[in-house]
2 protein chains.
Amino acid sequence: MIIGQRNRLQYIILGLLNQRPQTGYDLAKAFENEIGEFWQAQHSQIYPMLKRMETSGDITHEDTVTGEKLAKKQYSLTPAGHAKLVAWVSEPSPELSATKDEFILKLYFIKTAADPRLQPMLQEQAVLHRAQLAHLKQRRETVFPDQAAIDQAYGHYLILDHAIGREQYYVDWLEKFLR
Amino acid sequence: MIIGQRNRLQYIILGLLNQRPQTGYDLAKAFENEIGEFWQAQHSQIYPMLKRMETSGDITHEDTVTGEKLAKKQYSLTPAGHAKLVAWVSEPSPELSATKDEFILKLYFIKTAADPRLQPMLQEQAVLHRAQLAHLKQRRETVFPDQAAIDQAYGHYLILDHAIGREQYYVDWLEKFLR
DNA sequence: GGAAAACATGTAATTAATTACATGTTTTTA
DNA sequence: TAAAAACATGTAATTAATTACATGTTTTCC
């Protein structure tokens, strides 16, 4: 089983499983929550990837049961998988992040500051991004209530801090052009 | 020919062609330059899309020749295409932007502030993002030397301003954690 | 106790996107 | 004037990603 060098999803999964053994369902949740700001993947992409990664020897799973009969697969790293993760983290990351933002593209097609559509569009986005900012700040409060929590999951703290700052910038930028 | 509602590439192409008739090559350049910060598409995605859009009646093309025999296709909007563009811009944009950032993900897997890989990683990214910031600022200087230029392409100015602010935030954030 | 939400795992079909293949012209620059 | 870079257009193959299909269990809440 050959998994392409460029396939970044596998490395992210390796990183998640390195934190603790998890199920495909748990991983899907992580893509919705803590890392969803910087990478996205659906469960339909995750389950097949877990199979490929197990075949290629980077992870293994243990079958467990919740309650009477709900089957779960707890995946964890093999030594080979751990080595692959360490190598990936140490590699340079020369590619700048890629953003797809439909709203910003729409703005590109607004020709003048007097266009009557402009202010409502900015207003609508401000509502969305203020809500997202509030949500992220709330998460920081609950996940990192004290310094000990930060020290225990420093990387998680870093990216949440980055996401909050980025969202704050987005809101500030929108408000700069709102009147 | 049915083109899915969700296919955003077509709308972006419509917006670009609404500014002026352009070739597929010109569009590919736009995705590398002015709008590349917020959407990406290769020429191999653009040419087939232009065909589909022409078949569906949203654009047409005119064959022109440069020099002796270099054939070009200048695409432009039909009334139907223009209507589609206007409808798209007026629609709400309820989805927050999606970012994929491999570097930030790597940070997530750094467990402590003392990890020896952390500072070099931040340093490397700072080099990249400072360069990108300088590049964007340079572009603003050349593309928008005066207020008249801004007024003529306000949307373009808006998104370049947004890109610069975002990059500035990224650099500031990296420097906050650099020592 | 019943309904709804959350947990849990998969596959199938389709669409989106990248990388590679393929070819030729025109302009710029050394 | 030769080479390199930029202009110009496509297709093929592959990979990535989304949406839809499909099923069943456990927990929570009313």
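Quick note: numbers below take in every heavy atom, side chains included, and nothing from hydrogens, waters or symmetry partners. Within every chain, numbering begins at 1; the chains are lettered A, B, ... in the order of the sequence lines, protein sequences first and strands thereafter.
One finds a side-chain N or O of A:K73 lying less than 4.0 angstrom from the OP1 or OP2 phosphate oxygen of C:dG10. Between A:K69 and D:dT26 there is no side-chain polar atom (N or O) within less than 4.0 angstrom of OP1 or OP2. Distances shown here put every side-chain N or O of B:K29 at or beyond 4.0 Å from the OP1 or OP2 atom of D:dA6. A sub-4.0 Å separation between OP1 or OP2 of C:dA16 and a side-chain N or O of B:Q45 is absent. Taking 4.0 angstrom as the limit, A:K51 places none of its side-chain polar atoms (N or O) nearer than this to OP1 or OP2 of C:dT9. Between B:Y25 and D:dT9 there is no side-chain polar atom (N or O) within less than 4.0 angstrom of OP1 or OP2. Dashed line: the shortest gap from a side-chain N or O of B:Y47 to OP1 or OP2 of D:dT9 is under 4.0 Å. For D:dA17, neither phosphate oxygen OP1 nor OP2 lies less than 4.0 angstrom from any side-chain nitrogen or oxygen of A:Q42.
A donor-acceptor pair is defined here as one N or O able to donate and one able to accept, closer than 3.5 Å; no such pair exists between the side chain of A:K72 and the backbone of A:T23.
One interatomic measurement links the two molecules: CG of A:D63 to P of D:dT25, which rounds to 17 Å at whole-angstrom precision. If you measure from atom NZ of B:K100 to atom C1' of D:dA17, you get 7 Å, rounded to the nearest angstrom. What separates CD of A:E102 from P of D:dT18 is a distance of 14 Å, to the nearest Å. In this structure, CD of A:E68 is placed 11 Å from C1' of D:dT25, rounded to the nearest angstrom. If you take CZ of B:R6 and P of D:dA17, they are 17 Å apart, rounded to a whole angstrom. In this structure, CD1 of A:I46 is placed 14 Å from C1' of C:dC7, rounded to the nearest angstrom. The distance from atom NE2 of B:H43 to atom P of C:dC21 is 13 Å, rounded to the nearest whole Å. Atom pair A:I13:CD1 and D:dA16:P shows a separation of 12 Å (rounding to whole Å applied).
Annotation: of the two residues near DNA chain D, B:P48 and A:Q40, the 5′-most nearest-nucleotide partner is B:P48.
Sorted by first and then second residue, the ring-ring contact (aromatic ring centres under 6.0 Å, His included) pairs involving residues 105-128 of chain A (not counting sequence neighbours) are A:Y108-B:H156.
Salt bridge status for B:E175 with B:R130: present, with a side-chain N to carboxylate O gap under 4.0 Å. Contact check on B:K137 versus B:E167 returns no salt bridge, with no Lys/Arg side-chain nitrogen under 4.0 Å from an Asp/Glu carboxylate oxygen. With respect to the salt-bridge test (charged N to carboxylate O, under 4.0 angstrom), the residues B:D161 and B:R140 qualify.
Helix bend of the helix from C:dG1-D:dC30 to C:dA30-D:dT1: the angle between its two end axes, each built from five pairs, comes to 50° after rounding to 10°.
Screening B:K51, B:K73, B:E54 for a side-chain hydrogen bond (donor to acceptor under 3.5 Å, both in side chains) with B:H61, the sole residue that qualifies is B:E54.
Closest to the side chain of A:Y75, out of C:dG10, C:dA16, D:dT9, is C:dG10. Of the candidates D:dA8, D:dA16, C:dA8, the closest approach to any side-chain atom of A:R52 belongs to D:dA16.
Ring centroid separation for the pair A:Y169 and B:Y169 does not come in under the 6.0 Å cut-off.
At a threshold of 4.0 angstrom between heavy atoms, the contacts of B:A28 with the nucleic acid are absent.
Below the 3.5 angstrom threshold, one finds a donor paired with an acceptor across the side chain of A:S44 and the base of D:dT19. Between the side chain of A:T23 and the base of C:dT9 there is no donor-acceptor pair of N/O atoms closer than 3.5 Å.
When the side chains of ILVMFWY residues are joined at heavy-atom separations under 4.5 Å, either directly or via intervening members, A:I164 and B:L96 end up in two distinct hydrophobic clusters.
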